[in-house]
Chemist: 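A single structure is presented below for examination.
Values in this document were obtained by computation on a predicted structure and should not be read as measured data. A note on names: the letters A, B, ... follow the listed sequences, proteins ahead of strands, and every chain is numbered from 1.
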Amino acid sequence: MSETVVVIDFETTGLSPEQGARATEVAAVVVSNGAIVDRYQSLMNAGVRIPPFIEALTGISNRMVREAPTAGTVMAELADFIGETPLVAHNAAFDRKFLQAELQRIGRPQRATMLCSMRMARRIYPDAPNHQLATLVRHARVAETGAYHRALADAEMTAGLWLKMRQKLEETFKLPSVPLALLDKIQSAPCNGLRGCVEAYRRSCARK
DNA sequence: TGCCAGGCCCTCTTTAGGGCCTT
């Protein structure tokens, strides 16, 4: 039994909302008891032009977005979908700033916590060639569910990676479960502090 | 094609610099 999380992924027109970048697509998948149990995905029309480089990167064209629901409509649906469930994203700092910026535009502050699968992977797979999502998916033998740089496929593969990392922690340290509180401590500790985090967690459990 | 930002992380470090990662 593991706590439910929502894995989220944004495709955007650039790297920073403060520089005018907007979301073009979002996906969120609910992960519960070791599997994806629900999905949300939508392109969104924020009324901005997608640069050619981003069109080539994601395959999301200006024409596709023109025919999509407005960003406000999609973000309201997304906010209802995720509620206050803890979130996970690959390089969460990136998705967090777009989630906050887009929700702020519709007056829906985001309260859920967000864990980072990339920070977690740096601690659990320190020997991976690098910690890009695509590399980690291959390294951890996660099923590839679609094209990279599309929101639903990236969210699903991040969810798969998340489940593999939890499984590896359980097997390596003989843990009956891996609570989010422990994962939060692991991702906040130094990269070489994984074992120390787990041992501290064991001691805290033994005292209870 | 890859710059734009910014937080994380390592090291030839901590009074800093540069690579990684996301689009």
Chemist: For the side chain of A:Ser16 and the backbone of A:Glu18, is there at least one donor-acceptor N/O pair under 3.5 Å apart?
Modeler: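 Yes; judged by distance alone, with no hydrogens or angles, the pair exists.
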Chemist: Under 4.0 Å, heavy atoms only, any strand: does A:Thr13 hit a base, just the sugar-phosphate, or nothing?
Modeler: nothing
Chemist: Can you tell which of A:His90, A:Met157, A:Gln132 makes a side-chain contact (heavy atoms from CB on, under 4.5 Å) with A:Val137?
Modeler: A:Met157
Chemist: What distance, rounded to whole Å, do you find between the two C1' atoms, one in B:dC9 and one in B:dC3?
Modeler: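 Their C1' atoms lie roughly 23 Å apart.
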Chemist: Under 3.5 Å, side chain of A:Glu3 to main-chain N/O of A:Leu180, donor-acceptor pair present?
Modeler: yes
Chemist: Look at all strands and tell whether A:Asn130 reaches a base, only sugar-phosphate, or nothing, counting heavy atoms closer than 4.0 Å.
Modeler: sugar-phosphate
Chemist: Taking the nucleotide of DNA chain B with the closest heavy atom to each, which residue, A:Asp154 or A:Gln19, is nearer the 5' end?
Modeler: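 That would be A:Gln19.
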Chemist: P atom, B:dT15 versus B:dC20: distance in rounded Å?
Modeler: 25 Å
Chemist: For the pair A:Thr113 (side chain) and A:Pro86 (backbone), establish whether a donor and an acceptor sit closer than 3.5 Å, ignoring hydrogens and angles.
Modeler: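 Not at all, since once roles are kept as given, no pair shorter than 3.5 Å links the two residues.
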Chemist: Work out how far the C1' atom of B:dG17 is from that of B:dC12, and round it to whole angstrom.
Modeler: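 These two C1' atoms come out 10 Å apart once rounded.
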Chemist: Within the structure shown, what part of the strands sits under 4.0 Å from A:Arg150 by heavy-atom distance: base, sugar-phosphate, or nothing?
Modeler: nothing
Chemist: When the P atoms of B:dG18 and B:dC4 are considered, how many whole Å apart are they?
Modeler: 14 Å
Chemist: Under a 4.0 Å heavy-atom cut-off, which of residues 181-197 of chain A touch DNA chain B?
Modeler: A:Cys191
Chemist: In this structure, which one of A:Leu161, A:Val178, A:Ile124 forms a side-chain contact (heavy atoms from CB on, under 4.5 Å) with A:Arg166?
Modeler: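 Output: one option passes, namely A:Val178.
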Chemist: Backbone N or O of A:Gln41 within a donor-acceptor pair of the A:Glu25 side chain at under 3.5 Å?
Modeler: no
Chemist: Is atom CD of A:Gln104 surrounded by more than 12 heavy atoms (other residues, nucleotides or ligands) closer than 6.0 Å?
Modeler: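 Open.
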Chemist: For a quick check of understanding: with a heavy-atom distance under 4.0 Å over all strands, which category does A:Phe10 fall into, base, sugar-phosphate or nothing?
Modeler: sugar-phosphate
Chemist: With sequence neighbours left out, what residues match A:Val48 under side-chain contact (heavy atoms from CB on, under 4.5 Å)?
Modeler: A:Thr13, A:Arg22, A:Ala46
Chemist: Given the C1' atoms of B:dT14 and B:dC8, what is the spacing between them in whole Å?
Modeler: 16 Å
Chemist: Taking 5' to 3' order, which nucleotide of DNA chain B is first and which is last to have an atom within less than 4.0 Å of a heavy atom in chain A?
Modeler: B:dG2 to B:dT23
Chemist: For nucleotides B:dT13 and B:dG19, find the distance between their C1' atoms and express it as a whole number of Å.
Modeler: 15 Å
Chemist: Quick check on DNA chain B: between A:His131 and A:Arg123, whose nearest nucleotide comes earlier from the 5' end?
Modeler: A:Arg123
Chemist: Should the heavy atoms of other residues, nucleotides or ligands under 6.0 Å from CZ of A:Arg195 be counted, would the total exceed 12?
Modeler: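 No, CZ of A:Arg195 has 12 or fewer neighbouring heavy atoms, counting only those of other groups under 6.0 Å.
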